[in-house]
Amino acid sequence: RGKMAAMGPAEVVVRVESRTDAAPEQVWRLLADPYTWADWVAGTSAIRAADAHWPAVGARLYHRFGPRALAVRGHTTVVDVEPASRIGLLASALPYALVRIEITVDGTGERTRVALCEQVVGGLGMRLPRVCGVVQRARNRRSLHRLIELAERGGR
């Protein structure tokens, strides 16, 4: 299950996964291009900028999250990466949430398995972990579905 399983109590780690006929390289290409993230991350309204060395450790992408009038500016930092198979992130949309994220891409089976795990580790989201978990699960299912659709179509 990657490194997220060791991050905290199971009830606060939200994990969704899906399988696709897209090759792992197709999925990873989307993860490695920060400007595709607004196309598949549910709730992200725009990518404002990204460090040129994305997805290397320490690189950031800067985003707007939420509807335009209420959009929150935030950033996501790569904290750990195993190219082509796993990326660990810390997403900041404070004061609402600080979220640890792990996305894994596994092509060892018949189909590519993509998993997305999140854990709220700071911000107002910590006050209502179960409610936040329900919202995260729905949002992450949508995001994963969109990522896989893009990968199966070959990109943007």
Side-chain angles (χ1 to χ4, degrees), residues 1-20 22 24 26-51 54-67 70-107 112-151:
R1 283 197 173 212
K3 295 183 179 185
M4 289 294 284
M7 293 175 64
E11 65 267 18
V12 296
V13 175
V14 175
R15 185 176 197 282
V16 296
E17 77 171 57
S18 191
R19 297 192 184 272
T20 178
Q26 291 170 284
V27 177
W28 188 258
R29 190 170 351 129
L30 294 168
L31 297 175
D33 179 353
Y35 293 99
T36 67
W37 287 59
D39 297 334
W40 64 269
V41 177
T44 300
S45 54
I47 300 300
R48 298 180 290 121
D51 292 343
W54 181 274
V57 172
R60 284 186 174 183
L61 69 86
Y62 302 86
H63 46 75
R64 270 198 318 266
F65 185 81
L70 303 171
V72 174
R73 287 177 170 235
H75 62 273
T76 297
T77 306
V78 178
V79 294
D80 193 21
V81 66
E82 293 173 25
S85 65
R86 191 178 61 74
I87 188 166
L89 307 162
L90 186 61
S92 176
L94 292 171
Y96 303 106
L98 184 64
V99 182
R100 290 180 113 164
I101 303 162
E102 180 181 76
I103 303 170
T104 57
V105 180
D106 181 3
T112 302
R113 182 179 55 82
V114 184
L116 171 59
C117 297
E118 283 190 350
Q119 181 183 31
V120 175
V121 295
L124 297 173
M126 295 282 295
R127 295 185 181 178
L128 298 168
R130 295 195 192 282
V131 172
C132 199
V134 168
V135 172
Q136 281 178 283
R137 186 168 308 284
R139 180 178 163 268
N140 290 349
R141 280 189 182 129
R142 179 69 181 136
S143 294
L144 195 55
H145 176 76
R146 289 163 75 175
L147 175 63
I148 285 172
E149 277 186 335
L150 278 173

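On a predicted model such as this, the values are computed, not experimentally measured, just so you know.
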So how far is it from Asp33 CG to Ile47 CD1, rounded to the nearest 0.5 Å? 9.5 Å

With sequence neighbours excluded, what pairs up with Arg113 under the side-chain hydrogen bond (donor to acceptor under 3.5 Å, both in side chains) test? Asp106

Among residues at least two apart in sequence or on other chains, which ones pass side chain to side chain contact (heavy atoms under 4.5 Å, CB included) with Leu128? Val131

Does Ser143 reach the main-chain N or O of Ala42 with its side chain, forming a donor-acceptor pair under 3.5 Å? yes

Mind listing the closest non-hydrogen atom pair of Ile101 and Ala91 along with its distance? CD1-CB, 3.7 Å

So if I apply the side-chain contact (heavy atoms from CB on, under 4.5 Å) rule between Val79 and each of Ile87, Leu89, Leu90, which one comes out positive? Leu90

Where Ala22 and Val27 come nearest, the two heavy atoms and their spacing: CB-CG2, 4.5 Å

Would you give me the side-chain donor-acceptor pairs under 3.5 Å for residues 60-67, sequence neighbours excluded?
unit_1: Arg60; atom_1: NE; unit_2: Thr77; atom_2: OG1; d: 3.1
unit_1: Arg60; atom_1: NH2; unit_2: His75; atom_2: NE2; d: 3.4
unit_1: His63; atom_1: NE2; unit_2: Thr76; atom_2: OG1; d: 2.9

Which residues satisfy the side chain to side chain contact (heavy atoms under 4.5 Å, CB included) test with Ser18, sequence neighbours excluded? Leu144, Ile148

Under a 4.0 Å N-O cut-off, is there an ion pair linking Arg146 with Asp39? no

Rounded to the nearest 0.5 Å, how far apart are CZ of Arg29 and OG1 of Thr36? 10.5 Å

If you measure from CH2 on Trp40 to CZ on Arg142, what distance do you get to the nearest 0.5 Å? 13.0 Å

May I ask you to decide if Arg15's main-chain N or O and Arg137's side chain share a donor-acceptor pair within less than 3.5 Å? yes

Taking side chain to side chain contact (heavy atoms under 4.5 Å, CB included) as the test, write out the residues that go with Val72, two or more places apart. Ala93, Tyr96

OG1 on Thr112 to CZ on Arg19, rounded to 0.5 Å: 9.5 Å

Looking at residues at least two apart in the chain, or sitting in another chain, which of them share a side-chain hydrogen bond (donor to acceptor under 3.5 Å, both in side chains) with Thr44? none

Donor-acceptor pair, distance only, cut-off 3.5 Å: does the side chain of Arg139 make one with the backbone of Val41? no

What I'd like to find out is whether the side chain of Gln26 reaches to under 4.5 Å of the side chain of Thr20, using heavy atoms alone. no

Going by salt bridge (charged side-chain N to carboxylate O under 4.0 Å, His left out), name the residues that satisfy it together with Glu149, two or more places apart in sequence or in a different chain. none

Leu147 and Leu31, any side-chain heavy atoms less than 4.5 Å apart: yes

Residues in ring pair (Phe, Tyr, Trp, His ring centres under 6.0 Å) contact with Trp54, at least two apart in sequence or another chain: Trp37

